[in-house]
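Because the structure is a prediction, the values reported are computed rather than measured. Both backbone and side-chain heavy atoms feed into the values below; hydrogens, waters and symmetry mates do not. All ligand and atom numbering here is 1-based and tracks the order in the structure. Along the sequence shown, the residues carry numbers beginning at 1.
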Amino acid sequence: MPPVFRFAPSPTGLLHLGHALSAAAVWRAAETAGGRVLLRIEDIDPVRAKPEFAAAIEEDLAWLGFGWKGPVRRQSDHFADHAGAIDRLKARGLIYPCRLSRADIAAAVAGAQAHGRVVPRDPDGAPRLPLDRAVESDPDGPPAHRLDMNRALGAIGREPLGWTEQGAGPAGETGRVTARPDDWGDVVLARKDTPTSYHLAVVVDDAIQGVTHVVRGQDLFYATSIHRLLQRLLGLPEPRYRHHRLISGADGQKLAKTRGSPSLRSLREAGWTRQDVMRAIEPFLAT
Ligand code: GLU
């Protein structure tokens with residue numbers, strides 16, 4: 001079976017050079033491996049995801065010359081698949097409802113810090129749950145569902161958990177990497193406002209689509225630990241991973257002018273060609 005890659009943007013705005021870099025990394029890796037690329041629209045956010053941005057993604061990819069195979073998978077059409085995975089984890093007692101709002105969490109952090117306690121943070125810098133003495137201010141409101149990390153780690157047994165990194169992490173991690181899901185605490189798997197979260201949807205959909213190779217930005221490198229944990233819990237296959245450098249990374253000076261992230265559409269309207277885009281992102285592709 002030929003390898004299956006995917007490009008999985010979120011339609012919450014117009015694509016910019018960072019997305020062009022990601023797309024080029026995906027299509028280049030697929031070409032090298034003799035694989036094909038699927039397109040998935042990650043539109044789980046009921047407020048920020050917009051059909052016009054999804055349409056613009058297809059238009060921009062066509063302009064860049066990147067073609068995908070088969071129908072586009074829109075995550076919002078497949079919430080039943082995500083809910084099924086949630087139900088399976090729930091039936092094993094690995095998920096619990098949580099009504100803590102951002103303000104509740106901020107209050108618990110402030111309280112802990114006022115008592116001189118250090119609040120552990122996840123790799124994204126957010127306070128790690130569970131949090132001591134956090135109080136739900138709206139105990140009757142709609143809950144999010146969180147993974148009980150301790151129970152989940154107990155449920156996967158002792159077999160080492162990791163992944164094969166064909167690119168590199170922010171600290172140069174490559175080759176066989178050990179997953180550290182406990183760095184993240186009790187992550188949200190289904191949001192209050194939508195029946196899944198990024199982490200759950202990405203692993204369920206990668207498995208359903210038969211994705212064998214995940215190529216994406218280094219900003220998602222540490223999240224791979226959660227994805228591997230969920231794959232193990234749900235009995236899903238392990239893809240290979242390649243995390244690529246970001247444009248705003250160490251060597252970002254060259255593209256400093258683009259920090260404001262003009263959209264590909266506006267660059268196109270200003271007269272940029274596909275070759276101009278490729279020239280701008282090429283230094284970041286060579287990892
Ligand atoms: N939808 C995610 C994003 O646009 C990418 C998800 C992934 O590649 O795993 O950042």
Here's one to test your reading of the geometry: is the NZ or CZ of Arg240 within 45 degrees of the ring axis of Trp163 and under 6.0 Å from its centre? no
Can a cation-pi geometry be assigned to Arg48 and Phe53, taking NZ or CZ under 6.0 Å from the six-membered ring centre and within 45° of the ring axis? no
Out of His19, Arg6, His199, whose heavy atom is nearest to atom 8 (O) of ligand 1? Arg6
Number the atoms of ligand 1 from 1 as they appear, then name those within less than 4.0 Å of a heavy atom of Val202, with their elements. 9 (O)
Report the nearest protein non-hydrogen atom to atom 10 (O) of ligand 1: residue, atom name, distance rounded to 0.1 Å. Leu220 CD1, 4.3 Å
Can you tell which of Phe221, Tyr198, Trp184, Tyr222 makes a ring pair (Phe, Tyr, Trp, His ring centres under 6.0 Å) with His227? Tyr198
Per atom 6 (C) of ligand 1, closest listed option by heavy atom (His227, Gln75, Glu42): Glu42
Name the atoms and distances for all side-chain donor-acceptor pairs under 3.5 Å in residues 147-161, with sequence neighbours left out.
residue : atom : partner : partner atom : Å
Asp148  : OD1  : Asn150  : N            : 3.3
Asp148  : OD1  : Arg151  : N            : 3.2
Arg151  : NH1  : Gly93   : O            : 3.1

Just checking Arg73: does its CZ atom have more than 12 heavy atoms from other residues, nucleotides or ligands closer to it than 6.0 angstrom? yes
Mind checking whether Phe7 has a heavy atom under 4.0 Å from ligand 1? no
Answer yes or no: is there an ion pair linking Glu165 with Arg242, defined by an N-O contact shorter than 4.0 Å? no
Identify the closest protein heavy atom to atom 3 (C) of ligand 1: which residue and atom is it, and at what distance? Ser10 OG, 3.8 Å
To check your reading of the model: name the closest protein heavy atom to atom 5 (C) of ligand 1, its residue, and the distance in Å. Ala8 O, 3.3 Å
